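In what follows, a single structure is set out as structure tokens and then discussed.
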Amino acid sequence: MQLLSDFPWYISLLCLLAGAAYSAGLYWRGKHRREEGLPRAARVALPLLRFVTVALIAFLLTAPLVRRQVSSHEKPVVAVVTDASRSVPEGFQLPEGVRRELERQYEVVEYVYGSGLLPASDSAREAVCHATDIASALTEVADLYAGRNLGAVVLTGDGIYNRGQTPATVAAGLTVPVYAVPLGDTTHRSDAAIAHVRYNRAVRMGSLFPLEVTLHASRLKGSRATLTVTHDGRRLYSKEITYTDDHYSTTESLMLDADRAGLQSYTVAVSAVAGEATADNNRRTIAVEVTDGRQRIALAAAAPHPDISALRQAIGRNPNYETEVFVGENGLRQLSQRQEGFDLYIFHNLPGQRTPDLRSLTAAKGAVPTIYILGPGTDLGRFNALHSGLEIVARSHKTDEVTALRNPDFALFTLDEESSRRLEQLPPLAAPFGDYRTAGNLQSLFTARVGTVGSDRPLVAFCQQEGVRRAFVAGEGLWRWRLQDYQMTGSHHDFDALVEKMVTYTSLQVGKERLRVTARPVYGAGEAVTVEAELYDDNLEPTNRPEATFSCADSSGQRHSYAFNRSGNGYALNLGTLPPGTYSYTASASFAGKEYTAAGRFVVEQFDLESLNLVADHALMNTIARTTGGETLAPDSLERLPALLEARGDMKAVIYSHTRYTELLDLPWLLVLLVLLMGLEWGVRKACGEV
């Protein structure tokens with residue numbers, strides 16, 4: 001322990017002098033100079049006590065600090081991760097005796113996993129029971145205890161996974177052993193299932209679209225069933241199937257006619273036969289959005305750039321968008337000569353110094369929805385002259401290397417929290433260097449972070465002027481985002497979803513429909529149904545001052561009513577999980593004496609992932625344990641676990657040592673000492689008749 005003070009050393013001497021002066025003035029002046037009535041010991045003790053008390057109080061007024069080295073011990077953590085999906089109906093509980101023995105040496109934490117990872121509880125089991133993602137569970141545990149003393153993971157489950165990456169691949173990257181506890185039945189039971197249905201989620205009205213159905217059947221050799229596809233009570237397809245093998249599999253391809261616009265639901269089913277283990281996986285409902293037109297997007301650039309390919313591939317995931325690319329002088333000339341307009345323009349590094357005026361590139365009169373990708377090739381002077389809602393006053397021709405920082409107050413649309421977190425880890429973009437000036441209604445989804453320093457400069461932002469929406473990406477290099485997204489997650493999902501939401505929001509022209517509701521056409525079984533809404537005032541600005549209500553009815557006509565929650569400038573509603581089926585909805589709001597309504601439909605798919613595969617995969621559990629240096633334990637041999645962990649030799653408590661600074665005034669024993677000193681002085685004087 002060491003005392004520290006901001007004052008020079010001689011201040012301590014002044015504190016001692018203050019104590020001595022106070023003691024001398026009190027005990028050697030006036031009536032206190034009469035010493036005949038005091039014992040000799042009291043004549044020495046009383047001035048000394050007062051001297052120590054006053055000097056100590058004066059020293060405490062300098063606010064000294066105490067520096068101490070503090071050590072703490074952290075036990076190794078043993079994480080018990082239990083499969084809570086419906087494919088493990090018997091569940092799992094760590095035996096109480098094993099738990100007590102483990103807790104003597106380790107910190108035991110328990111989680112359940114299925115479609116996600118949550119701390120163990122009955123409500124958590126219900127929340128994650130609809131799917132199984134073993135890889136994500138292992139990754140999340142490793143992330144939660146990164147930098148902590150994680151010693152081992154006890155993974156229980158049947159080895160069946162139907163979501164996420166291959167668990168064995170993820171396990172190979174873990175740095176802690178996994179002790180696998182296989183559960184479930186490895187026996188092949190008699191069962192038939194609709195294994196896969198492949199189809200286009202959005203098609204154009206009047207066209208034919210393919211539907212591919214894969215049917216699996218086990219231990220049903222010789223049985224017959226009927227495969228059907230129905231739509232609104234009409235049977236569109238029917239075929240007799242004979243199971244010719246105990247491990248039967250077939251794929252049927254057919255073409256369906258998209259003859260009606262709107263959200264259309266189709267049911268694919270195979271009839272159940274005697275002896276099947278379950279009929280829950282014999283039926284699946286899918287939904288197809290039939291549109292009567294596609295939105296046309298013009299993607300224009302001053303020069304070839306890899307960003308163009310990244311944007312085109314991301315937009316191309318949605319069949320409702322048709323993209324044409326115009327690059328370079330010839331391409332921009334072709335765009336300016338086009339007589340028909342586009343629903344959305346994306347300008348990359350435009351306007352440039354030698355490119356045509358952007359207004360000449362749009363055949364449509366007036367303002368049109370536009371996304372601007374700004375980079376080193378953008379002529380900022382010409383861009384600022386557009387008065388688009390964002391202006392950049394250049395300081396030099398240099399660029400900033402900036403990364404994304406999520407704006408928590410952004411409310412125009414929602415972006416998944418996990419996706420946002422991963423997007424913040426993507427490589428930097430090359431942003432124009434200068435002063436950024438924004439319109440009052442511009443909202444940033446991401447702001448620019450230079451190095452580790454955040455700012456309020458927009459990086460990905462949106463605004464609306466006179467009912468027309470615009471988006472801005474203040475930096476080029478989006479192609480790096482798409483590549484890094486694939487390296488991080490094994491897919492382009494996060495980047496493509498971001499681009500799709502940008503295109504969807506920006507391309508929407510706010511017209512006479514003052515109340516707009518956004519609901520996904522299809523929700524998975526067991527997935528929370530979320531709905532968003534926007535209400536526009538007379539100036540076509542979003543407002544959520546009035547109350548907004550939402551009412552939905554299932555196919556049987558049973559209706560439920562809800563009230564929207566206010567979220568940012570709009571509304572949001574979480575309906576929770578709904579039974580499979582087709583739902584019609586109506587939203588309404590009253591504003592300025594007028595009633596506004598919006599209607600639509602959505603489908604909750606009838607498909608149970610957990611019933612698709614009923615055969616436990618204990619081989620996968622063995623592989624995970626062997627890959628990580630752990631061991632496979634049967635549920636009835638878990639009493640061996642404490643001994644196995646102790647025998648490892650690398651699961652030791654970790655001692656952390658750090659320096660702690662504490663104000664001397666915060667030490668309770670010091671207050672006790674002052675009270676004792678003053679109390680002792682008063683007691684001596686009382687005993688000697690001086691009080």
Side-chain angles (χ1 to χ4, degrees), residues 76-85 87-88 91-92 94 98 102 106-120 124 128-129 131-184 186 418 421-422 425 485-491 493 609-610 612-613 615-635 637-638 640-642 644-651:
V77 177
V78 176
V80 182
V81 186
T82 302
D83 189 347
S85 64
S87 63
V88 187
F92 174 82
L94 191 67
V98 175
L102 289 174
Y106 314 110
E107 178 186 352
V108 179
V109 295
E110 294 190 69
Y111 295 91
V112 294
Y113 72 93
S115 55
L117 181 77
L118 293 172
V128 300
C129 67
T132 307
D133 189 348
I134 300 176
S136 176
L138 293 174
T139 301
E140 287 191 50
V141 169
D143 290 343
L144 283 172
Y145 292 92
R148 295 277 308 277
N149 189 17
L150 180 62
V153 175
V154 179
L155 178 70
T156 78
D158 54 13
I160 301 173
Y161 69 96
N162 42 51
R163 184 177 292 177
Q165 297 176 273
T166 304
T169 303
V170 173
L174 298 179
T175 58
V176 295
V178 176
Y179 290 84
V181 183
L183 304 174
T186 59
E418 282 297 312
R421 182 183 60 81
R422 288 190 290 266
Q425 302 173 16
D485 182 21
Y486 187 83
Q487 292 180 354
M488 291 169 56
T489 64
S491 73
H493 175 269
L609 282 172
E610 289 300 298
L612 186 60
N613 186 1
V615 182
D617 188 357
H618 290 181
L620 175 61
M621 302 293 285
N622 292 332
T623 300
I624 293 174
R626 185 173 62 253
T627 301
T628 59
E631 191 169 326
T632 303
L633 297 172
S637 63
L638 275 171
R640 295 176 49 217
L641 181 60
L644 290 173
L645 296 180
E646 187 174 3
R648 290 190 61 86
D650 57 354
M651 294 181 61

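From a predicted model like this one, the values you see are computed outputs, not experimental measurements. The analysis underlying the following values was restricted to heavy atoms, covering all of them including side chains, and did not include hydrogens, waters or symmetry mates.
The backbone N or O of Asp158 lies less than 3.5 Å from no partner atom in the side chain of His618, so there is not a single donor-acceptor pair. The backbone N or O of Ser491 lies less than 3.5 Å from a partner atom in the side chain of Thr489, making a donor-acceptor pair.
Atom CG of Asp617 is separated from atom OG1 of Thr623 by 8.0 Å, given to the nearest 0.5 angstrom. Here the CG atom belonging to Leu644 is positioned 5.0 Å from the CD atom belonging to Glu631, to the nearest 0.5 angstrom. For the atom pair CG (Asp83) and CD1 (Ile134), the distance works out to 6.5 Å, reported to the nearest 0.5 Å. Atom CE of residue Met488 and atom CZ of residue Arg422 lie 7.0 Å apart, to the nearest 0.5 angstrom.
Here the closest non-hydrogen pair linking Val181 and Met621 is O-CE, 4.0 Å. Between Leu183 and Pro635 the shortest heavy-atom distance is CD2-CG, 3.6 Å. Across Tyr106 and Pro642, no two heavy atoms sit closer than the pair OH-O, 4.5 Å. Between Pro119 and Val112, the shortest heavy-atom distance links the atoms O-CG2, 4.3 Å. Between Thr627 and Ala172, the shortest heavy-atom contact is CG2-CA, 3.5 Å. Of all non-hydrogen atoms in Gly151 and Pro177, the two that sit nearest each other are O-CD, 3.3 Å.
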Yes or no on side-chain contact (heavy atoms from CB on, under 4.5 Å) for Thr628 and Val153, after CA distance, side-chain angles and deciding distance?
CA-CA 10 Å; Thr628 59; Val153 175; over 6 Å; no
Tell me, with the steps shown, if Tyr113 and Thr132 meet side-chain contact (heavy atoms from CB on, under 4.5 Å).
CA-CA 7 Å; Tyr113 72 93; Thr132 307; 4.0 Å; yes
Please report the C-alpha distance between Leu94 and Leu102 in whole Å, then the side-chain angles of each, then the deciding distance to 0.1 Å, and finally whether the side-chain contact (heavy atoms from CB on, under 4.5 Å) criterion is met.
CA-CA 11 Å; Leu94 191 67; Leu102 289 174; 4.2 Å; yes
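At a threshold of 4.5 Å between non-hydrogen side-chain atoms, the residues Met651 and Val78 count as touching.
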Side-chain polar contacts of residues 138-145 - donor-acceptor pairs under 3.5 angstrom, sequence neighbours left out - could you list them?
{"from": "Thr139", "atom 1": "OG1", "to": "Ala135", "atom 2": "O", "distance (Å)": "2.9"}
{"from": "Glu140", "atom 1": "OE2", "to": "Ser136", "atom 2": "OG", "distance (Å)": "3.1"}
{"from": "Tyr145", "atom 1": "OH", "to": "Tyr111", "atom 2": "OH", "distance (Å)": "2.9"}

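At most 12 heavy atoms of other shown residues, nucleotides or ligands fall within 6.0 angstrom of atom CD in Glu646.
If you run side chain to side chain contact (heavy atoms under 4.5 Å, CB included) between Val178 and each of Val81, Leu155, Val154, Thr632, only Leu155 comes through.
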